[in-house]
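See structure below.
Every chain is numbered from 1 and lettered A, B, ... according to where its sequence line falls, protein lines coming before strand lines. Note: hydrogens, waters and symmetry copies are ignored here, and every other heavy atom, side chains too, is used.
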Amino acid sequence: MTTLALEGIDLTRRYGGFAALDKVSLRLEPGEIRGLIGPNGAGKSTLMDALCGRGGPTGGTVVFNGRDISGLSAQARRRAGLARSFQKTNIFPALMVREQVALAARMAETDNTDEVLVALGLLDLADRRAADISYGDQRRLDLALALVGRPSVLLLDEPAAGLSINESIVLARLLKDLASSWNVTVLLVEHDMEVIFAVSDRITVLNLGRVLAEGTREEIRGNPEVVRAYLGSSIE
Amino acid sequence: MTLLRLQSVDGYYGGARILHGVSLEVGAGERVAILGRNGVGKTTVVNACLGIARVRAGQIAFQGQAQAPIRHFTAARAGIAVVPQGRRIVPGLTVRENLALGAAVGRSGKWNFESVCDLFPILRERADTPGTAMSGGQQQMLAIGRALMANPALLILDEPSEGLAPVIVDELAATLVRLAGEDTSILLIEQNFSLVHRVAQRYYVLSKGAVVDQGTVEGMSMADLKKHVAV
Amino acid sequence: MIQVINGLVYGSFLYVLAVGLVLIFGLRRVTNFAHGSFFMLGAYVSYAAAAHLGFWTGMIVSVAALAVFGALLDRFVFRPLSREEPIVTLLVTFGLLFVLEDAVRTIWGKDYISVSAPEALSGSVTLFGSQFPTYRLFVIAVAIAVALGLAVWLRSTKVGLYVRASSVDPVTTAMQGVDTDRLSALVVAIGTGLAGLSGTIAGPLMALSPSMGGYIIIDCFIVVVTGGLTSFTGAFVAALVIGQFHNLGLVYVPEVASVIPLLIMAAVLGLRPQGLAGPRK
Amino acid sequence: MSSAVPRDKAKVAAASIAAERRTPTVVLAAGLLAAAGFAVPWVVGSQLALTLMTQAVIHAILATSIGFMIRQNGLTSFGHAAFFGMAAYLMALNGKLDAMPAELAVLAAIAVPAAFAFFAGLIIVRLPALSFSMLTLAVAQSLYELMLRWRGLAGGDDGMAVRLPSRLFGIDIELFQAPSSMFVVSWCALVAVIAILTLVARSHFGVLTVAIRENEERARYVGYHTLVPRALVFALSAAVGGLAGVLFALYNAFVTPGALHWSLSGEALIMAVIGGPQAIWGPALGAVIFFVVKNAMGDLTEHWPAIIGAMLIVVTVLLPQGISGLLNRLNRLNRRSREAGKA
Amino acid sequence: WAAKEPLKIGVPTSLTGPYSQLGDEVKRAVEFAVNEANAAGGVDGRKVEVRFLDTEAKPDLARQQAEKLALEGYNIMTATIASSEVLAIGPMLGRWNALYVATVTKANDITGKQCQPRLFRVNRPDYSDAAVIQPWLATRSEAKWAIVAADYAWGRGSGEGFRNAAAATGKTVVSENYPPLGSNDYAAFIQKVLDSGAQGMWVALAGRDAITFARQAKQFGLFDKVTTAGISFTTDGTVKVLGDVVKGINTIINYSATLDTPANRKFVSDWAKAYPGDSPTNFGGETYIGMQVIFQAVKKAGSVKPADVAKAMAGGTFETILGTQLMRKEDHQLVGPNYFGIVEAVNGTLRPAIKMTVPAQTATPGPDANCKL
Ligand SMILES: Nc1ncnc2c1ncn2[C@@H]1O[C@H](COP(=O)(O)OP(=O)(O)OP(=O)(O)O)[C@@H](O)[C@H]1O
Ligand SMILES: Nc1ncnc2c1ncn2[C@@H]1O[C@H](COP(=O)(O)OP(=O)(O)OP(=O)(O)O)[C@@H](O)[C@H]1O
Ligand SMILES: [Mg+2]
Ligand SMILES: [Mg+2]
């Protein structure tokens, strides 16, 4: 068996008596795109936090390319090749778009700033202050900060939120591209089911801090529990 | 009566002109959508109504009353509540307090803490946790709940479906339609066509800060709408 | 024991002054270096008013005058600058400090002035076997009243909620229909009014001089920072702790007494960067 | 991600060339400015004017150091006089104790404040902005108290003379104490400081620290350590403050605890902000203007504090971005109208 | 008087800031002396011009301002408030080709370790104040004493002086307190003095500290319980502010308008004409003495060049309102008497009044051995 790109074992996080994450385990193969869905407050963002070393103390182990990184700081994890984007836009408001993407690139082996700017359609905004671009554009900038420098594993928290339909389609295609051409592994949280179903190799469903189901898109779509707790009736 | 009317509005951030002669209106009990790609100026329309973006030409009227100058609280006092893009939950306040803040204008109506919590039960469950400690989607519910607390005559929602699970979006759609039936007009800015299709009666399409198209949703299929609007 | 009460007096006095600073900082994010001058102005105004109207009316006049001054300040200075970096408003308060000192020096002269305690409070009581000035007990009472009043106002009234909301996100608060401009003017007025109050109660304790604000403002900021910048409870605890240690320091280690407040602040921030009761980041 | 369109490539290339052209320009401009400084003593005959100008320039260096902190770290030091005074006292104490050659003392007087700031910075740059400010104030005031009480060695509040050898770096010490030559020395130091800080601000390190200032958390999630760069900015700023202190000690040959007092820190801060710290050169400009105005007002009336205060209020309300902000805006307007003219 | 070069006097003093009130007192005295001289046809036929610059009592600034005055030609200077300012100015006088006469600054070093060829002093230094404590203390019956003195060079020095005097006269010091400069609350110290069982108290606090301390001490009833004496504690200025609070307190007096000599009576009555309803304060009187010395030295030198004036000053004798006094060659200290008195009502106003005169030879002991001129 090849080494896993990323593995979380028994990840747990509590806020007071409430378990936002309760012994969740997750195994990502290299080059895989894994969809992560679940109701609001299921613990998806918390799971990403646990994987990348954000927030309070977490129980469990994170293994990255065969190496236990549980004790590493967030910046060390990023330098090892584990990057993430944020659900709540997290950018450098006073810096130019290009400036900040280039800054993020400096930390990694390859500088693909321009490639990323072009791919995300940000080139025209490259010399604008990040504070002065629209919300959707800021969302894409946040994504660019994660993509640049060719990390080997990407944790993307609702990258399509706030994007117009066309942009979402471009994004979905881009993710597919990335996975196949760079062999990037992606853990993708999304509430936009079109994107999820279009790109995910497998899907994990979280509910109340635990894994509810895991499987291919067909299996997930057909799982009545998932439909009841999350998908609802309107997904065709 | 029209609740909100923009007449040839030019909107600016500092010296940058963003809106070019935008005109649109929302009547009583109407459900209207604004569509458009990222960065065309949808949020700027809202911000112009809130006095965040500056109006240098044209006119904005609430409930038939022309407004100048527009202060940040003008819209709220004219019965217009906004669910802002990015949620803007006030840090340091609990869920309950964030909701109470929404009732600052003191209009009475069917929405109060209890009824909002019936719509989004999680808010009751977590009433005393800090608002910003909630998950992204829960915060979105809180933002919507807070706007409802004002019992507005017009509810403006800037991409409310963002971050919400599909089941919740379903409920939201139903709620919005119901609201309009109860005399609250809706101005919906959305990328989620399924929501627009279910909620809106009319739509405006914005491109590069100008209204380039408008029409009625009723009678169109979802596919038609997508094709027609072609954003 | 008497020494502990003495520490309490100084702490109480610091609290009344510092809590005004907390209010203004909380709402406007203004590092108000002129607060010491407001205090000084308050002392002079009440001194002038008291000469004709008596101590108590003088107190009311001083608080009211300073409150009006604060409201105007908010309207014409803090509001226009509310979108600029905090450092810019800080500079304005520096300027104000210069102007106020000079104005007071011109109006009331450079001579020191000394004020007597009001008749009713000028005696002393016997406490733990020693004679203790009644006026000093009054200072403690004022601080307790202010602390309780503020706590009730901020925690359990609607306006209090708006104040708390507006201090973290004024735009969103205004979007809910709150006139945050008027709210700020009110809060700044209360803050400067408290400076007037503390100036008044300082009169019988210390010499009035145009530069008296400078002697107190640093201790005051130390209280605010140690307490956690925006926390009223924090300021209360910090003022009492610092007042106490300051006083005990004077008694037992006078050589380093003047840096004790600084050391307490450094120690607290070392352990809790957010201050005693500041919000966790 | 191989779909970059050729048109985009051209844009990309053009932008990066523009960025590279700047370094030599900065060096050249600095050289010219420094050279201009040599002409000043010839043009300005009056000793009085020269001594004022020298003092103004030394203050300008101090203001520049504070401004740099504000610009890069977003943190305001209320106690920068600590570094200024620390350097001056190091020079003075070395003169008294003869611990090392004066040349070495000069370097130490710059290095010690920097090292001190670096290690203190590792602890305190994480604090909320106002708390940081107050702690810097605390450090400075503690040093002030220390020097005030240290009668045996440092003369307490009476201060101490700075004993210097007859030559420093091979230059006659008299030259450091005569206004006409000291002006040139200080001026060159100021120009060099501004040039170096400008290059630092444009470098990767400069952008990184601004990024950390803007959003420290995100900087960590793109892979950077955030503490060390901020502490380094603090250290660099302290070194510049120390340089000002060294020049001060050389010129005046006398230090008192006043060199550590908060009113000096406050004044330097005022200078930095009215100059506008968003431009590296802003604070220096502010310093010179403030110094000259204060001096002129002090000559005219004893109500100078009120006049200075009122001017401060008016200037900041009208020009919240400082003088450099105004100049930059005028410059932009000018350029825009020229471009409009062309089109 | 167009013919002769005017006498230009520079006054770098404290016009703003915490000591501005003292600055005002010396300023009035300088102006009074200048007006008086000009009205009498000038000094040696020269018009007297004066220029004041603000030092905020900061040594660094004092040095800058003094340099400015010297370069502008006001190179005979006087009347700075703080000793540290004078010590900062002193070493530069040669370089600026200027001269300085200290009038209210008391640090021993000015005519001691840091004496300078161009630096002179007319008022009583700290060691002179120490020298008069002992004769006074010998007359007192209180055995146990407490000290409250400001925590800086002057206060500490005065405390030490008192301690020595106490030892020499067989008294014990039961409590020593050095509150920091600019304290706001003296309750802790007052309590300590009360608890110490002292019968007498020596206070060396000045200006704002003196007033704040006195006010609080009164509230605690301290003055009623112990005999209080001090230096700079009850000056004309603080007594005016404090009134009855400090009635009956004993004090060293360096100069007082109540001094009953013909020269002083004339000075006081001329002053009252120039400033109706006012009488000169201790600092005013001392500064006036400085002006008298400058004027007479200029006349003697027949020049306004600092070098010539300095030559005329050193070793000369001068007619002052305190009598004929010698400016010692060895350390440039004017040799004069010192006084002890009590705060009481004189002609209806409360002020420190002289009760005991300590003659010049006791009050101004020999030249400081540290001074090498
Ligand atoms: N600091 C905190 N304190 C208390 N509860 C918290 C805190 N942070 C998160 N939670 C709770 O943990 C749970 C999981 O949150 P999380 O953000 O992981 O949800 P999510 O699955 O990402 O939801 P969404 O789809 O809405 O983004 C939520 O119920 C949330 O309220
Ligand atoms: N504060 C600002 N200052 C200057 N320009 C701004 C500012 N905010 C937005 N803009 C610009 O205004 C334009 C319109 O932005 P707006 O936020 O209205 O877009 P939008 O249609 O809401 O987009 P999205 O779907 O991404 O939310 C964009 O080009 C953006 O770059
Ligand atoms: Mg989430
Ligand atoms: Mg938008």
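Within the 3.5 Å criterion, the main-chain N or O of D:Gly223 finds a donor-acceptor partner in the side chain of A:Arg79. Side chain of A:Gln75 to backbone of D:Arg220: no donor-acceptor contact under 3.5 angstrom is found. Side chain of D:Asn215 to backbone of A:Phe92: no donor-acceptor contact under 3.5 angstrom is found. Under the 3.5 Å distance criterion, the side-chain polar atoms of D:Tyr221 are left unmatched by any main-chain donor or acceptor of A:Phe86.
Of the listed residues (A:Ala102, A:Pro93, A:Pro151), the greatest number of heavy-atom pairs within a distance under 4.5 Å of chain D belongs to A:Pro93. Chain D forms more heavy-atom pairs under 4.5 Å with one residue of A:Asp142, A:Val148, A:Leu82, A:Thr113 than with any other, namely A:Asp142.
Within the 4.5 angstrom heavy-atom criterion, atoms from both the backbone and the side chain of A:Ala74 approach chain D. In this structure, chain D has heavy atoms under 4.5 Å from both the backbone and the side chain of A:Arg54. Interface residue A:Ile91: only backbone heavy atoms are found under 4.5 Å from chain D. At a 4.5 Å heavy-atom cutoff, the contact between A:Ser85 and chain D is made by backbone atoms alone.
The shortest non-hydrogen separation linking D:Val222 to A:Arg78 is C-CG, 3.4 Å. Between D:Glu214 and A:Ala94, the shortest heavy-atom distance links the atoms OE1-N, 2.8 Å.
Between the CG atom in A:Leu103 and the CZ atom in D:Arg218 there is a gap of 11.0 Å [rounded to 0.5 Å].
Below 4.5 Å, heavy atoms of chain A meet no heavy atom from residues 75-82 of chain D.
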